[in-house]
**Q** 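Before I ask anything, let me first share the structure, which is written out below as structure tokens.
On a predicted model such as this, the values are computed, not experimentally measured, just so you know. Lettering of chains follows the sequences in order, A, B, ..., and the numbering in each one begins at 1.
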2 protein chains.
Amino acid sequence: MPKTSVDPPGRRAPRRREGAFGTTMADVGREAGVSAQTVSRALRDPDSVTPETLRLIQEAVRKTNYVQNFAASHLASNRSMMVAAIIPTISASVFAETIQGLADALSPQGYQIFLGGSDYRLDREEALVRSFLGRRPDGFFVVGTRHTRPAAALLRRAGIPVVEGWEWSAQPIDMLVGFSNRAAIARVVAHLVEHGRRRLVFAGVLRPGDPRAAERRDGFVEAVAARFPDETPRLAIVDGSPLAMHTGVEVLELARRRFPDADALVFSSDLIASGALLACQRLGIRVPDDLAITGFGNYEIAAELTPALTTIAVPTRRIGSEAGRLLVAAMRGETVAQGRVDVGFELMVRESS
Amino acid sequence: MPKTSVDPPGRRAPRRREGAFGTTMADVGREAGVSAQTVSRALRDPDSVTPETLRLIQEAVRKTNYVQNFAASHLASNRSMMVAAIIPTISASVFAETIQGLADALSPQGYQIFLGGSDYRLDREEALVRSFLGRRPDGFFVVGTRHTRPAAALLRRAGIPVVEGWEWSAQPIDMLVGFSNRAAIARVVAHLVEHGRRRLVFAGVLRPGDPRAAERRDGFVEAVAARFPDETPRLAIVDGSPLAMHTGVEVLELARRRFPDADALVFSSDLIASGALLACQRLGIRVPDDLAITGFGNYEIAAELTPALTTIAVPTRRIGSEAGRLLVAAMRGETVAQGRVDVGFELMVRESS
DNA sequence: CTGTTAGCGCATTCAT
DNA sequence: ATGAATGCGCTAACAG
């Protein structure tokens, strides 16, 4: 091995990558006959170089199979072009829709999304926040406005735009895109009472990490108390069961056992409302004649059932796209005039009520 | 401003980060009275430093609110601790389950997941592959074995473990975790024929980017041809409609119009089978007396319907966890003995057939 | 429009 | 067990 120069002390063999993507901008530049810096510029802003230079570089990129290394780009520019997103669970279609909306708004701007599911647990959310911040995202989206104190502190200190979603809050960490779960249930209660229902039962699954469901319960209690001040609000709530269709049967039975005279069941989710509605067919309970049933979320199944399910439609996708819009603006350094967006909701009156 | 040293020419102000996470390992080390390297070691392997040193460092981390920068770590170590995953759509619960399984296997090992949805389009998949490889993931998971030529080439050249999932293929790019969609449908056909059905119709939604649905159709054609060599296989397929419950009604009507004497409908997905089954109630079609109906996927709704839906259960979550297991082993540099895992499927016989 | 220089924050390598 | 030097691949800042 020829050694043409004397290495200074402490000099070692270079750590150059062996892998397939060992080619760097310098390699591309060498191939194209320009400097690495020009390659960098050409890739980020093609108009900043001569058309001829651009052509040479593009050709060199192709020839060398070059794939840009974003980690290095991130380190040098202090921009990761990533947005972190935390949702309660990946397998709930409503949150998946929100993420779809987020992606629709962010992808065209070149941002990638880092997704995590907290499994409805604030401690896991905190762990995710901590771990995600290590990747230095340029923005953060999180479902919910309730967080552990350290998680909120981390997000506040991160120095990046943060959007909370799916709820309404007086004191968001930064920006907010949501709606009032309370008001939505109040709307359901108003609808039922207007149609002659008198003995309403709130039927739901409540878990510690799901403040949105708790808000719906509170909204129910408030709305019923306002109309029937002398009555105790009727609640049929389970808290150990999963938020799934078959739990609807369980909640239905609980409600009927505890309140045999009920004439309307206000479910906290379409998922359990659907399970209950299908069970009613088997049990011979006539809906809406014997019992009105309402859901929440306007899931795909709601419109397909017989009778079709009355429910609250939430613009889940729009929550994501609005959040993305706000994040993009803020990440660009623009001052966001209105950082709180109420996307509202819509009562879908169908046959079940 | 005191200037105690003469700057060499070309010297500029440092680019040190201003943001909240400006603290580096050097800052932590200074606070703890050790070098940055010791901090680095302590964070990665707490046993490699003195308990006392560890304590000092942990305290310093807390005091300075230090959050490790993974981008720098990645660049220096050439390990990103990320796995990229591409699925057809985020909002399909079956794929969400697979991702959940993947996360279950990878998170404990410290890997984070980069998720993308191709929207059932191979060109978008290629774009995602390209963009994801720029992040230099340590492993790659992708649903499907069909890819554009450049996408497959990129994955092959990437020099990282790749797992394809949800199908079966003779020539995977690298590793494979799936099952035979053909065999699954053949199993359904066998079941129906054994129970006296003679005029089977394949009812489905086919889209260019969904080879799994196409496999199911092909499996149907093969199985029927093997049993009734003289007949032309009956197909009721729509290709412009979304894969949604309400499309089931459309497919049902098409099948009945085209094959009025059909005695069994083999749907390509529980989603459309459920929509069709619910429509049958409204239309007065008795299931299974007039018509047997089968689905695919064993979605949550399948067991809740009346009659409950006969379907193929796919271990969706296990596809993800097995993929994660294989990736972890390969990323550790272990030689994976069996890189092809057939997770199989199960016929769930219920009331609808 | 293009090249040069320095450094982003960390892990690796070697020395102690 | 700990420290010092070096470079990962890229972009910012500046010079020409």
**Q** Give the ring-plane orientation class for B:Phe114 versus A:Phe114, where under 30° counts as parallel, over 60° as perpendicular and anything between as tilted.
**A** perpendicular
**Q** May I have the distance from A:Asn78 (atom CG) to D:dA13 (atom C1'), rounded to whole angstrom?
**A** 15 Å
**Q** Just jot down the ring-ring contact (aromatic ring centres under 6.0 Å, His included) partners of B:Phe70, sequence neighbours excluded, or say none.
**A** none
**Q** Nearest to the B:Ser73 side chain among D:dT11, C:dG3, C:dA11, which nucleotide is it?
**A**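 For the B:Ser73 side chain, the nearest candidate turns out to be C:dA11.
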**Q** Is it true that A:Thr145 and A:Glu167 share a donor-acceptor pair across their side chains at a distance under 3.5 Å?
**A** yes
**Q** Going by atom types only, do A:Thr148 and A:Glu125 share a side-chain donor-acceptor pair under 3.5 Å?
**A** no
**Q** Please state how far atom CZ in A:Arg79 lies from atom C1' in C:dG9, giving the value in whole angstrom units.
**A** 19 Å
**Q** Taking only heavy atoms on the protein side, list every residue of residues 40-55 of chain B lying under 4.0 Å from any atom of DNA chain C, sorted numerically.
**A**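 By residue number: B:Ser40, B:Arg44.
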**Q** Take the protein atom CZ of B:Arg136 and the nucleotide atom P of C:dA11, then report the distance between them rounded to whole Å.
**A** 19 Å
**Q** Do the side-chain N or O atoms of B:Ser35 get closer than 4.0 angstrom to the phosphate oxygens (OP1, OP2) of D:dG3?
**A**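 Looking at the OP1 and OP2 atoms of D:dG3, one of them is under 4.0 Å from a side-chain N or O of B:Ser35.
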**Q** Going by the side chain to side chain donor-acceptor pair (under 3.5 Å) test, which pairs reach into residues 95-104 of chain A, not counting sequence neighbours?
**A** A:Glu97-A:Arg317, A:Thr98-A:Trp166, A:Asp104-A:Arg317
**Q** Taking only side-chain N and O atoms of B:Gln37, does any of them lie within less than 4.0 angstrom of OP1 or OP2 on C:dT16?
**A** no
**Q** Check each of B:Ile86, B:Asp123, B:Leu115, B:Leu133 against B:Leu128 using the side-chain contact (heavy atoms from CB on, under 4.5 Å) test, and report the only one that passes.
**A**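 By the side-chain contact (heavy atoms from CB on, under 4.5 Å) criterion, B:Leu128 pairs with just one of B:Ile86, B:Asp123, B:Leu115, B:Leu133: B:Ile86.
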**Q** Would you compute the distance between atom CG of A:Leu43 and atom CD of A:Gln58 and round it to the nearest 0.5 angstrom?
**A**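 It is 8.5 Å, given to the nearest 0.5 Å.
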**Q** Starting from P on C:dC8, measure out to CZ on B:Phe21 and report it in whole angstrom.
**A** 19 Å
**Q** Would you kindly give the NE2-to-P distance between B:His74 and D:dG9, to the nearest whole Å?
**A** 10 Å
**Q** Once you round it to whole Å, what is the distance between P of D:dT6 and CG of B:Leu75?
**A**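 Computing the B:Leu75:CG to D:dT6:P distance gives 18 Å.
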**Q** Check the distance between C:dC10's P and B:Met81's CE and give it to me in whole angstrom.
**A** 16 Å
**Q** In whole angstrom, give the distance that lies between atom CG of A:Asp27 and atom C1' of D:dC8.
**A** 13 Å
